Amino acid sequence: MCAERSGTSERGRLEIRDVSKRFGDLEVVRSTSLSIGSGQFVTLLGPSGSGKTTLLKMIAGFEHPSTGAILIGDRDVTSLAPQKRNVGFVFQQYALFPHLTVAGNLAYPLQMRGMRKREIEGAVKEALEMVRLSDLATRRPSDLSGGQQQRVALARALIFRPPVLLMDESLAALDKRLREEMQLEVRNLQRALKITTIAVTHDQTEALVMSDMIVVINDGAVQQMGSPADLYYRPQNEFVAGFLGESNVLKGRVEVGAGRTELVLGSGLRVQMGASSSVSSGASVTCLVRPEAIELFPPTEDASRELRGRVLQRIFCGDTFRVTLQLSDGTFVLSRPIGGNSRWLPEPGEDARVSWHPSDLVLISPAPKGNHA
Amino acid sequence: MNRYLRSYGAAVALLAFPAAFLAVFFLLPIAGSIAQSVGSTALDFSHYRRLIEVPLYRSVFLRTLEVALIVCVICLIMGYLCAYFIASLDSKWRTIAIGLISFPFMLSVLVRNYVWTLILQDTGLINRLLVDSGLILLPLELMYNRFAVVVAMVNMLLPYAILPILSSLLAIPLELKTASSSLGASEMRTFIRVTLPLTVPGAAVAALLTFIMGLGFYITPAMLGGTREMMVANLIAFNVKEVLNWSLAFALSTSLLASTLILYMIYRALLPQAVVLKAV
């Protein structure tokens, strides 16, 4: 039993070793290495053209790497054709066979594996139950809604129990509400089946909601990888900070004084930094504050001892507000205070005291010590 | 009325002229020839009776069906291969290939049949090459038989098979093939399980076009078939021009039209409903 379990955990391991891909002169994926443990949900996140889809296609075998190796389990699949890789792939447009019924689509990969008819029927029935589509077995894909097609595509990619599931922007075509529903459904299914999953998306919310690990890719290279919280709260560069969530970027010089470390902005404005910051006095740094960490209070009498901003715009978003302020030195700051009747909120044109906890001011560059991918 | 002429009235107005044209120059003559085939004064089916009773007429009809069917099958196979090859080309070469297929349409049918005569006759290209090279002593009989008729008809009709099959091949999203391979299918099995079924509508159109057009061939059997390979259209011309039995000619043409329509109905009934909606 124990041995079997360790066997399964090996099966879903995915290793990408120094893989790169060039099309002519263009290097779409720069030398990239990733090691993904069995049963993990990993999202490749990046803007379009970042090379994330090419990386996914190389894992599936639709593209072949220019250099490097790809291993699934302990099998080197680098030069294998897609049909020999045993990898489930969910396409952006689902790619269901229009001439086959839902059941026919699900049976297809099993027929290709030479399974017996009786066994196929059982497996198809089970898969249909898994994605709650038992009533639609005899329908054609064109008779299904987008969400239903999506579930068929997912079931078809899982029915032959591949060690690895790949998803190429497969939720992007759904409308917002359905997409959010499917995110949770896919996540639950993935956890229940313990299947290693690599999803490509440019939707940061999707990445944050679904992933165990996010790999941020830009310009063909990995920018940072880590848990969603890690990436959100400790981005290592401005690209990651800007791509995941909204951020206020502050640049300045560090001044270490008696008992307190301060960030001196270009204009001379001083902001308190967390005590843990391990930077030497005088270093120029880039820092980040998330809008939701910024609180607004009525201004006090003493303008010199507080950070004060004038409200330029206030937008109601339901659960939160978006308040854009301008500090006395001209810096723009975005705050996202939680809504509610009892809270004080400045009107446009009014001044507010801008405040955050020093630990919410995160150092992005130079990369802080002891925080690496 | 908006500028897209979406209203019903505009559609009727636009269709009125072609409809009137077809009524006067197409439906009227057909109605006339059907009427003439059953006698000019009283109803007289004697010509139709002769078509059934006289062995010559019967055999010409059967031969016409047979030749059209053979040509249709060959066109379907060759057309599929050509279309599959063209679909695999990149867009620049595909455009060139489609241009080459359409090129023969610019030549007169008469010229193309003459070209086949030059190739197939006793002193033609093929026989000269074979005899001069010493491979054979006497020229092969390539002309005035079914072989010549079928070869030339396939040549004339092949584009009508290639183009619909090609368009149905190009309509298949590339992703389906990729999906099939990711699900474990080899290229051959992808072709059999995905590509082939999805091109059935195109192949159905190709078969229908080549078969029906083949039924009405006149010049090719006349020039390359000799007397042995006479087809219905030649028989009609013979009755109109040589023996001046117009009533029989009308009966022949009406029968050809009727059998074509009946075959078309059978064909539609045999095809799956989904294919009919898409294709025929």
Side-chain angles (χ1 to χ4, degrees), chain A residues 53 56-63 77 80-101 104-115 127 139-143 149 152-162 164-170 173, chain B residues 76 80 83-84 87-93 164-208 267-280:
Chain A
T53 302
L56 195 76
K57 284 182 174 169
M58 288 194 285
I59 301 171
F62 305 150
E63 299 281 359
V77 299
L80 281 187
Q83 65 264 29
K84 300 207 171 108
R85 292 199 181 193
N86 203 31
V87 165
F89 198 101
V90 184
F91 291 80
Q92 185 168 9
Q93 304 296 332
Y94 318 134
L96 299 175
F97 302 124
H99 58 299
L100 300 177
T101 60
N105 268 281
L106 295 185
Y108 191 90
L110 303 180
Q111 290 162 348
M112 293 306 134
R113 283 161 178 77
M115 258 173 80
R139 299 276 191 87
R140 304 252 166 192
S142 54
D143 298 334
Q149 290 184 27
V152 177
L154 190 64
R156 189 180 66 173
L158 289 171
I159 197 168
F160 54 98
R161 305 197 177 283
V164 173
L165 175 70
L166 307 175
M167 301 178 73
D168 181 15
E169 305 252 10
S170 18
Chain B
L76 212 51
Y80 205 104
Y84 196 81
S88 71
L89 298 172
D90 64 33
S91 67
K92 185 186 114 200
W93 284 104
I165 295 173
L166 179 62
S167 81
S168 68
L169 275 171
L170 293 177
I172 301 176
L174 205 62
E175 265 196 351
L176 291 188
K177 288 187 192 180
T178 322
S180 175
S181 73
S182 86
L183 295 169
S186 63
E187 268 179 56
M188 191 62 195
R189 297 188 82 172
T190 298
F191 176 76
I192 293 168
R193 291 291 313 272
V194 179
T195 312
L196 204 55
L198 287 175
T199 47
V200 166
V205 172
L208 189 72
Y267 185 76
R268 275 193 63 146
L270 287 177
L271 280 178
Q273 207 54 39
V275 175
V276 174
L277 285 175
K278 261 195 203 160
V280 192

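Being a predicted model, the structure only gives us computed values, none of them experimental. Residue numbers start from 1 in every chain, and the chains themselves are labelled A, B, ... in the order their sequence lines are given, proteins ahead of strands. Heavy-atom basis, side chains included; hydrogens, waters and symmetry copies ignored.
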Novice: Strictly distance-based, threshold 3.5 Å: is any side-chain N or O of A:Gln92 a donor or acceptor partner for the main-chain N or O of A:Ala173?
Specialist: no
Novice: Tell me which of these, A:Arg85, A:Arg113, A:Arg140, has more heavy-atom pairs under 4.5 Å with chain B than the rest.
Specialist: A:Arg113
Novice: Would you please go through residues 174-184 of chain B and name the residues with a non-hydrogen atom below 4.5 Å from one of chain A, in numerical order?
Specialist: B:Glu175, B:Leu176, B:Thr178, B:Ala179, B:Ser180, B:Ser181, B:Ser182, B:Leu183, B:Gly184
Novice: Rounded to the nearest 0.5 Å, how far apart are OG1 of A:Thr53 and CG of A:Asp168?
Specialist: 4.5 Å
Novice: May I ask you to check whether B:Arg193 and A:Gln111 show a side-chain donor-acceptor distance below 3.5 Å?
Specialist: yes
Novice: Let me know if A:Leu100 has heavy atoms under 4.5 Å from chain B in its side chain, its backbone, both or neither.
Specialist: side chain
Novice: Which pair of non-hydrogen atoms, one from A:Pro162 and one from A:Asn86, has the smallest distance, and what is that distance?
Specialist: CB-O, 3.3 Å
Novice: Among residues at least two apart in sequence or on other chains, which ones pass ring pair (Phe, Tyr, Trp, His ring centres under 6.0 Å) with A:Phe97?
Specialist: A:Tyr108
Novice: Give, for atom CZ of A:Phe89 and atom OG of A:Ser170, the distance between the pair rounded to the nearest 0.5 Å.
Specialist: 8.0 Å
Novice: Say you draw a straight line from OH of B:Tyr84 to OG1 of B:Thr199; how long is it, rounded to the nearest 0.5 Å?
Specialist: 9.5 Å
